[in-house]
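Note that the structure is predicted; figures quoted are calculated from it, not measured. Naming convention: chains lettered A, B, ... in sequence-line order (proteins, then strands); numbering from 1 in each chain.
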2 protein chains.
Amino acid sequence: MDAYDAGGHDAGDYDPRAFPPFAVTVDLAVFTVRDGELQVLLIERGQEPYKGARALPGGFVLPDESAGRAARRELAEETGLSARTTAALHLEQLRTYSDPDRDPRMRVVSVAYTALVPDVPEPRGGGDAAHAQWMPYGGHGPLAFDHDRILADAHERIGAKLEYTCLATAFCPAEFTLGELRQVYETVWGVELDRPNFRRKVLTTPGFVEAVAGGARLTSGRGKPAALYRAGPANALHPPLLRPEGRHTP
Amino acid sequence: MDAYDAGGHDAGDYDPRAFPPFAVTVDLAVFTVRDGELQVLLIERGQEPYKGARALPGGFVLPDESAGRAARRELAEETGLSARTTAALHLEQLRTYSDPDRDPRMRVVSVAYTALVPDVPEPRGGGDAAHAQWMPYGGHGPLAFDHDRILADAHERIGAKLEYTCLATAFCPAEFTLGELRQVYETVWGVELDRPNFRRKVLTTPGFVEAVAGGARLTSGRGKPAALYRAGPANALHPPLLRPEGRHTP
DNA sequence: CCAAAAGTGTTGGGCCTACACCCATGG
DNA sequence: CCATGGGTGTAGGCCCAACACTTTTGG
C-alpha cells in the first residue's frame, strides 16, 4: 500500500512495475427508436460467467487507443455498420464503473458510453461481426455483471439530455418530420406531448432544426403530409424543453 | 489485436493474461470559495515529468477499492482532514481521461472526481500529508499532464450543476446566510445576481434550505444581521435556478 | 447621519399550457 | 365523408426580472 502511495503520479518515487494491474474495457449502451418504442442493442453471452444472459456490447481498450476510440471501434464491430457511418454517430462517455467485484474473474474497470442511432437496418451478423440484436428497453431479463445499472444510468442520462440539448435529432434519419422528432421525446420520456406547443418550441429554438426546401413526407400513410427538417447547427437548447411533470418517469 | 478482441468479456475465449495492462488512477478537482473567489486545491510536483509544475492531487486506485473509495481516501490524505469530515463531503465522478499519450511514462487511465468543500482551514502538512494548497482558479500557471482540461471540465460541470441541484450548500458551512449562498453562485458563475429575487427563489424551492431557529449572524460586520439557514433535504431544484444570460461565462 | 447589507413589495412583460380550429390525405 | 395527423391561432395564467422601499447594523 505504501508502495502504491509512493508511486502516485503526483509525487514521490516512481516504479513502473509497482502499479496494480487492471484491465480496462468499454461498455456500450446503444439506443434507438423503432416501431414507436425505445430499443437497446444487446448481445448474448456465450461464456461463463453469466453464460446465456444478455449483456451490453463492449470489449477491451487496446494499448494504443483511447477509451473513446475503443468505444467507436466496438460500436462498428457490433453493429456491422461501415466506419464512415459510425464515425458520424453520437457517442458520449457516460461514467466509469470500478467496483472491485463487478467481474468475478478479475479486476476490470469499465468506461461506459452511450450511443444514439437512428432506425438503422438490423445489425448484420456479417463476417466476424456480432450476434447483437435490438431489444425493447425494459423488455429483456436481468443483464450480466452490473449492466442493468449501467443501462439505467444511460437511460436517465439521455432523458435528461433531451431537455437541454439537440440530442433528439441523433435518433432521427438525416431528414425527418416534426412528428418523428416528437415521437423520440415521447418514447424516451414515456409521456405524451402537446403537438402544437412542441412544434412551436422546436421551431423557435434557433439552430435546432432547419427546413428542407421542397420536401414533404408521410409518416404512416394517414394524415396530411409533413414538412421535412434537418438537424440544425446548435448543440444546446435555449431555453430548455422540459418534460411535463417535474423530473423522471421511471 | 485479435487476441484482445477474442478476450473481450462479452464473447469468445478468455485468457486472463491476454488483457493489455493499464494503471488506473484518480485525479481530484477540489473547489472551495475563500475570500470571495473560487479556489482549487493543487500540489507541486517533485519529480519529472512536469517537475515543479502544479497538478491536481490524486493517486493510484488500490486493488481492492473502487475508484470512488480511492478518491475519498486521496482527498483525506491531501487535505489532512479527518476521515469523518471527508466522509460527509460531496464527491462526484467527473469523467475518465484515457488518451494514450496523457502520461509520457506509461499507459495511465485516470478517473477524475470533483469535490466541493466549505472554507476549511488551510490543509495541514501534518504527518505524511501533502503539500497541497489552495490557489485561485485561473490564477495558477499551466498544470501538468492534461490537468488543465480536467480542471476546466470540472468547473463547467459544477457551474451547470448549481443550476438544477442543491450543490451550492456543499460550499457553505453547516449554518450559513443567504448572502453567503448567493456569493457561491456569483463566484462560480462570475456574475452578479439580484438579491431580492435570489432570496425568493431559494426560499420558495421546497427542501433547498431550512431556517435555523434562533440564529442571526453578521457576514462582514456591516449591515443588518442575516438569518441563518441549514441545507435542506432536497437534492434537485424545481424549477432550476438558471444563470442570467444563456450559457457559460468562461 | 451615512454606508452597507438584509429583507419586503409591486409591477410589467414574456413565455408557456391548454385548447379550439383549419388543412390535407388515405380509406 | 370520416379518421388521422400536420399546422395555425389565441386566451389565460404563472413566473420572473427589475426596481423601489424599509430595516438594522457599524463607523
Checklist entry - Where along residues 195-206 of chain B does a heavy atom fall under 4.0 Å from DNA chain D? => result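 B:Pro196, B:Asn197, B:Arg200, B:Lys201 - these, ordered by number, are the residues of the stretch whose heavy atoms sit under 4.0 Å from the strand.
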
Next on the checklist: Between A:Leu56 and A:Phe145, is there a side-chain heavy-atom distance shorter than 4.5 Å?
Outcome noted: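 Side-chain contact under 4.5 Å: no.
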
How close or far is atom [atom2] of [N] from atom [atom1] of [X], stated in whole angstroms?
X        : N      : atom1 : atom2 : answer
B:Gln183 : C:dA4  : CD    : P     : 16 Å
A:Leu193 : D:dG6  : CG    : C1'   : 16 Å
B:Leu242 : C:dC16 : CG    : C1'   : 15 Å
B:Glu192 : C:dA5  : CD    : P     : 11 Å
A:Tyr229 : D:dG6  : OH    : P     : 11 Å
A:Leu181 : D:dG7  : CG    : P     : 12 Å
B:Asp194 : D:dC21 : CG    : P     : 16 Å

Checklist entry - Could you give the distance from CG (B:Asp194) to CZ (B:Arg200), rounded to the nearest 0.5 Å? => result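 Atom-to-atom, B:Asp194:CG and B:Arg200:CZ are 8.0 Å apart.
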
Next on the checklist: Could you measure the distance from the CD atom of B:Glu186 to the CG atom of B:Leu193? Nearest 0.5 Å is fine.
Outcome noted: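 Answer for the CD-CG pair, B:Glu186 versus B:Leu193, is 5.0 Å.
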
Next on the checklist: Do B:Tyr97 and B:Asp27 pair up side chain to side chain, a donor and an acceptor below 3.5 Å, judged on atom types alone?
Outcome noted: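 Result is no, nothing qualifies.
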
Checklist entry - Is the side chain of B:Thr32 donor-acceptor paired with the backbone N or O of B:Val117 at a distance under 3.5 Å, no angle test? => result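 The answer is yes, because a donor-acceptor pair under 3.5 Å joins these two groups.
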
Checklist entry - Is the A:Phe198 ring parallel, tilted or perpendicular to the A:Tyr185 ring (thresholds 30°, 60°)? => result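 Because their plane-to-plane angle is over 60°, the rings of A:Phe198 and A:Tyr185 count as perpendicular.
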
Side chain of [X] (C-beta onward), nearest among [options]:
X        : options               : result
A:Lys224 : D:dG6, C:dG27, D:dT23 : D:dG6
A:Ala226 : C:dA18, D:dG6, C:dG26 : D:dG6
B:Pro239 : C:dA5, D:dC16, D:dT4  : D:dC16

